[in-house]
Amino acid sequence: AFCAGQHRASAGLRSGRAGVSPTADPGRFRIEVIEDDDAANASPAVHRATQAVASAEPDSSAVAPIARAERHPVSPSSHDGEVAVGVETPLVGRVAERAELVSLVGLDAGGTAGGAVLLGGDAGCGKTRLAKEIAADAAAAGWRVLVGHCLDFGDGSPPYLPFSEALGRLATERPELTRALIEANPAIARLHPAHRRLAEADVNSEPTQRAALLEAVHDALTSLAADLPLLVVIEDLHWADQSTRDLLHWLFTRGIDAPVTILATYRSDDLHRRHPLRATLAEWVRLPGVVRLQLGPLSSAEARSLVRIL
């Protein structure tokens, strides 16, 4: 009956022009049917549909009240399907998932940093936003936070890109600390964006050279966590190149004897049967200290609340 009503409504709209305009309530919209002179008697189904939409109220019984969004500058770049629109919306839902992440990362009362969390979910489900919230929580708790992104360069992705980005940010914010790290671990100078000496050939370099770089990154992370817990966030792991996956495998297998947690996000819907990360994830989750957390879609009530505040 609903489909038949929709069909009759669309038939009535052929003689007019339908528009959507905001009402006083920013979470609701009103459908206006602007009829032509020769369509004064529009289909009754159109009027019924208009009245039904105008009078409909979202069911908010399952959702706690949400604070209004606060405006502040937002970077024009976006990740994981998030679009920068100049307004950072409040986090909707994800109460249980956030609490679990807080515990896994080691931010809960009495918790300690350590291990790795692999946060998966379909594109646009909120992985990046949740990771940002956890990173903000860690920074507020006095942790040191490093963030790096994998990018979709296909086969041309620079080796170790997220770690190079993280080191570059650290060099900008704490140049003296970065210089000390490089002096203690000269091999990581190859990751520094200012004098990056890595090329595609480095991925297939001599095992001793690669091992020296992997060991240097391990030691650098250990040193960074000597005085403060460290959270390393790696975004969009589904785009990681082989060298980045190898470095993470080294860190997960070797373990870090310091309060260091690695939080990595990936799109699970991108992991087709032949995707190189698919088998790697299955191997990683068998390692001690590595946990995978899958984000599902928002509930219907949460989705309606998100639409109302957008």
Side-chain angles (χ1 to χ4, degrees), residues 94 96-121 127 130-131 133-135 137-138 141-150 160-163 166-167 181 185 187-188 191 207 210-268 270-271 275-296:
R94 304 302 185 197
E97 294 92 337
R98 181 172 180 171
E100 185 172 2
L101 260 182
V102 165
S103 177
L104 291 173
V105 168
L107 283 167
D108 55 339
T112 56
V117 182
L118 308 174
L119 181 63
K127 301 179 298 298
L130 196 54
E133 295 287 335
I134 296 299
D137 291 345
W143 289 34
R144 182 170 285 129
V145 180
L146 299 179
V147 180
H149 298 82
C150 304
Y160 312 106
L161 179 60
F163 290 92
L167 182 61
L181 285 175
N185 305 280
I188 64 170
L191 297 177
R210 293 194 63 207
L213 177 58
L214 301 182
E215 187 69 32
V217 173
H218 178 278
D219 291 347
L221 295 179
T222 303
S223 298
L224 285 172
D227 55 341
L228 296 173
L230 174 64
L231 175 64
V232 181
V233 180
I234 305 296
E235 284 270 28
D236 298 320
L237 195 55
H238 52 283
W239 287 330
D241 70 311
Q242 182 64 50
S243 64
T244 299
R245 296 194 300 271
D246 287 346
L247 177 49
L248 287 172
H249 185 79
W250 170 273
L251 296 174
F252 294 164
T253 305
R254 173 83 180 275
I256 302 177
D257 189 18
V260 178
T261 298
I262 298 176
L263 172 61
T265 71
Y266 66 93
R267 291 182 184 173
S268 53
D270 273 19
L271 303 188
H275 195 289
L277 185 60
R278 183 166 182 152
T280 304
L281 285 174
E283 185 176 356
W284 284 347
V285 295
R286 291 196 293 268
L287 297 173
V290 180
V291 180
R292 177 161 54 179
L293 179 62
Q294 183 74 15
L295 284 186

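Every heavy atom of this structure was used, including side-chain atoms; hydrogens, water molecules and symmetry mates were not.
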**Request:** Please check if the side chain of S243 supplies one atom and the backbone of Y160 the other of a donor-acceptor pair under 3.5 Å.
**Result:** yes

**Request:** Please report the C-alpha distance between F163 and L251 in whole Å, then the side-chain angles of each, then the deciding distance to 0.1 Å, and finally whether the side-chain contact (heavy atoms from CB on, under 4.5 Å) criterion is met.
**Result:** CA-CA 12 Å; F163 290 92; L251 296 174; 4.2 Å; yes

**Request:** List the atom of L237, the atom of A264, and the distance in Å for their closest heavy-atom pair.
**Result:** CD2-CB, 3.9 Å

**Item:** Under 3.5 Å donor-acceptor, T265 side chain and D236 backbone
**Value:** yes

**Message:** Measuring from atom CD of Q242 to atom OG1 of T244, what distance do you get when rounded to the nearest 0.5 angstrom?
**Reply:** 9.5 Å

**Heavy-atom side-chain proximity of W143 to V105 below 4.5 angstrom** = yes

**Inter-residue atom distance H249.NE2 - L214.CG, 0.5 Å rounding** = 10.5 Å

**Y266 and I234, any side-chain heavy atoms less than 4.5 Å apart** = no

**Message:** Within the structure provided, determine whether R210 and D246 are in side-chain contact (heavy-atom separation under 4.5 Å).
**Reply:** yes

**Item:** Distance in Å, E235 CD paired with L119 CG, rounded so as to fall on 0.5 Å steps
**Value:** 8.5 Å

**Complete:** When every non-hydrogen atom of K127 is compared with those of G121, the smallest separation belongs to NZ-O, 3.2 Å

Residues 217-228 side chain polar contacts: donor-acceptor under 3.5 Å, at least two apart:
unit_1, atom_1, unit_2, atom_2, d
H218, NE2, G255, O, 2.7
T222, OG1, H218, O, 2.9
S223, OG, D219, O, 3.0
D227, OD1, R144, NH1, 3.2

**Request:** Measure the shortest side-chain to side-chain distance between L161 and D241 over non-hydrogen atoms and say whether it is less than 4.5 angstrom.
**Result:** no

**Message:** Between V145 and V147, is there a side-chain heavy-atom distance shorter than 4.5 Å?
**Reply:** yes

**Message:** Are the side chains of R94 and L295 in contact, using a 4.5 Å heavy-atom criterion?
**Reply:** yes

**Prompt:** Would you say the side chain of W284 lies within less than 4.5 Å of the side chain of L277, judging by non-hydrogen atoms?
**Reply:** yes

**Item:** side-chain contact (heavy atoms from CB on, under 4.5 Å) between H149 and W239, intermediate numbers included
**Value:** CA-CA 9 Å; H149 298 82; W239 287 330; over 6 Å; no

**Asked** How long is the gap from CG on L130 to CG on L101, to the nearest 0.5 Å?
**Response** 5.0 Å

**Prompt:** Between the main-chain N or O of A240 and the side-chain N or O of R245, is there a donor-acceptor pair closer than 3.5 Å?
**Reply:** yes

**Request:** Kindly indicate, with the supporting measurements, whether the criterion side-chain contact (heavy atoms from CB on, under 4.5 Å) is fulfilled by L281 and L271.
**Result:** CA-CA 10 Å; L281 285 174; L271 303 188; 3.4 Å; yes

**Request:** Give the C-alpha distance, both sets of side-chain angles, the deciding distance and a yes or no for side-chain contact (heavy atoms from CB on, under 4.5 Å) between R98 and D137.
**Result:** CA-CA 11 Å; R98 181 172 180 171; D137 291 345; 2.9 Å; yes

**Prompt:** Can you find a heavy atom in the side chain of L231 that is under 4.5 Å from one in the side chain of I134?
**Reply:** yes

**Prompt:** To the nearest 0.5 Å, how far apart are CG in L287 and CZ in R254?
**Reply:** 14.5 Å

**Prompt:** Where the side chain of T261 meets the backbone of G114, is there a donor-acceptor pair that is under 3.5 Å apart?
**Reply:** yes

**Rounded distance [0.5 Å steps], CD in E97 versus CD in Q294** = 11.0 Å

